[in-house]
Structure formats: C-alpha cells, structure tokens
Amino acid sequence: MELLQAIRTRRAIRRFKKEPVPPELIEKLLEAARWAPSSVNSQPWEFIVVTDPETKKRMSRAFVLGPFLNEAPLAIVVVVDRLRTTCPVQDGTTAAYAIWLAAHDLGLGACWINPNIPGGIRKILGIPFTKKLITILAIGYPDEAPVHARRKLQDFVYFEKHGNKQGPLKFEE
Ligand SMILES: Cc1cc2nc3c(=O)[nH]c(=O)nc-3n(C[C@H](O)[C@H](O)[C@H](O)COP(=O)(O)O)c2cc1C
C-alpha cells in the first residue's frame with residue numbers, strides 16, 4: 001500500500017474476526033516498531049505480545065476504554081524504559097503508531113487502548129514500575145470498516161505566526 005494512502009485510510013478497529021494473527025505478521029509488526037524514531041535514538045521501548053485468551057480477558061476487565069480487547073486475537077503492549085529516555089511518551093507513541101500503520105498495511109486492524117487503570121495491567125503482565133505503560137494495541141483481522149472524520153486543514157494550520165491564516169496554500173473547502 002502506498003504510504004500516504006495507508007496513513008489516510010488507517011482506522012481504529014474495534015471489531016475483529018476470530019482468525020488468529022500469524023506469527024510472521026506479528027514479527028512484521030514488531031519489526032515496524034523497531035524502526036520507529038526515538039529521542040537520541042534511545043529505542044527505549046519494550047513490547048509484550050499477548051495471545052492467551054485468559055490473559056486478554058483479565059486485561060480487558062482492567063480498563064473501561066477497551067472491552068473489545070477480549071475479542072481481539074492479539075494484543076501488543078507497548079512499554080518504555082524510563083531509565084533509557086527523557087521522552088517516554090513520545091518515544092512509545094512513535095513505536096505504537098508504526099505498529100498501527102503496519103497492521104493496516106498488512107490487512108490487519110488495530111486500536112490503541114489507553115490503560116486508564118495501569119495498575120491492573122501491570123499486575124497481570126508483571127510490568128515493573130521503571131517501565132512506563134504507553135498503550136495496549138488490540139490487533140486482528142478487521143470485522144468493521146468505520147468512517148471517522150477529520151477537521152479541515154484551514155481550521156488548524158497557520159503561516160509564519162500562530163493565528164495567521166494567510167499563506168501560500170489554498171485549502172479546498
Ligand atoms: C492517544 C490515544 C488514545 C486512545 N485511547 C483509546 C481508548 O482508550 N479506547 C479506544 O477505544 N480508542 C482509543 N483511541 C482510538 C481513537 O479513539 C481513534 O484513533 C480516534 O477516534 C480516531 O479514529 P481513527 O483512528 O479511526 O481515525 C485512542 C487513540 C489515541 C491516539
């Protein structure tokens with residue numbers, strides 16, 4: 001898939017087919033994350049690959065924002081080693097987005113789940129407190145094709161100075 005097309009058509013997928021994600025595709029997702037940018041190339045991320053249904057069930061009960069994790073055949077949990085970076089959220093997010101986009105390119109779908117009660121997930125997965133929990137990505141073959149809108153460029157792009165909308169680009173209405 002062409003990159004700009006992939007960026008544009010990737011969606012948050014919350015309904016999945018039961019079909020498991022083959023190991024070679026899981027490896028491709030992790031490989032995409034490995035090449036994400038990070039502050040001073042610190043590469044502070046770590047990933048926990050979860051496919052065990054019982055573990056996913058326990059995880060999905062531990063937060064209110066991602067009950068669909070239970071139905072996803074795969075979860076990739078993104079954590080960042082706080083001792084390796086001063087930008088844990090940014091570094092973890094670039095890797096998570098790489099996985100999300102790669103999933104789309106491979107015909108999979110994914111959704112970011114915010115670990116709103118991180119304590120529960122830490123306990124279930126044994127994540128030490130030196131690691132920052134960034135996200136849980138629920139991943140699988142999509143069983144929905146949601147449409148999500150975006151604000152228009154002219155609503156949030158300025159030229160030369162914040163607030164100035166006069167510039168060389170004429171955005172389409
Ligand atoms: C930082 C972040 C946190 C998110 N947290 C959740 C979440 O906890 N649960 C959920 O269902 N979706 C979550 N999402 C997915 C967004 O709701 C989704 O990306 C957004 O509605 C835009 O839809 P699209 O990705 O299909 O374009 C999150 C996305 C981001 C980037």
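Indexing begins at 1, ligand by ligand and atom by atom, following the structure's order.
For Asn114 against Ile134, the heavy-atom pair with the smallest separation is OD1-O, 4.4 Å. In terms of heavy atoms, Ile7 sits closest to Leu101 at CA-CD2, 3.8 Å.
Listed by atom number, the atoms of ligand 1 under 4.0 Å from Arg11 heavy atoms are 24 (P), 25 (O), 26 (O), 27 (O). Each of the atoms 11 (O) of ligand 1 lies under 4.0 Å from some heavy atom of Phe68. Every atom of ligand 1 with a heavy atom of Arg14 under 4.0 Å away is listed here by number and element: 10 (C), 11 (O), 12 (N), 15 (C), 16 (C), 17 (O). For ligand 1, the atoms lying closer than 4.0 Å to a non-hydrogen atom of Ile113 are 7 (C), 8 (O).
Of all the heavy atoms of His148, the ones lying under 4.0 Å from any atom of ligand 1 belong exclusively to the side chain. Proximity of Arg150 to ligand 1, defined as any heavy-atom pair under 4.0 Å, is confined to the side chain (atoms from C-beta onward). Of the heavy atoms in Cys111, only side-chain atoms (C-beta onward) come closer than 4.0 Å to ligand 1.
Nearest protein heavy-atom neighbour of atom 25 (O) of ligand 1: Arg10 NH1, 2.8 Å. The closest protein non-hydrogen atom to atom 9 (N) of ligand 1 is Leu65 O, 3.0 Å. Scanning all protein heavy atoms for the shortest distance to atom 18 (C) of ligand 1 gives Ala12 CB, 3.8 Å. Asn114 N, 2.9 Å is the protein heavy atom nearest to atom 8 (O) of ligand 1.
Salt-bridge annotation for Glu31 and Lys28: absent, with no side-chain N of the basic residue lying under 4.0 Å from a carboxylate O of the acidic one.
In this structure, Arg151 fails the cation-pi test against Phe156, since its NZ or CZ atom is not both closer than 6.0 Å to the six-membered ring centre and inside 45 degrees of the ring normal.
Comparing Tyr97, Trp100, Trp112 against atom 2 (C) of ligand 1, the shortest heavy-atom distance belongs to Trp112.
Note that the CZ atom of Arg11 and the NE2 atom of His104 stand 7.5 Å from one another [nearest 0.5 Å]. We find the CD1-OG1 distance between Ile121 and Thr135 to be 10.0 Å, quoted to the nearest 0.5 Å.
By the definition of a contact as any protein heavy atom under 4.0 Å away, atom 20 (C) of ligand 1 is not in contact.
Counting heavy atoms of neighbouring residues, nucleotides and ligands inside a 6.0 Å radius, atom NZ of Lys152 does not exceed 12 of them.
Ring-plane geometry between Trp100 and Trp112 is classed as tilted, the angle between the planes lying from 30 to 60 degrees on a 0 to 90 degree scale.
The hydrophobic clustering, which links ILVMFWY residues whose side-chain heavy atoms are closer than 4.5 Å, places Trp45 and Val49 together.
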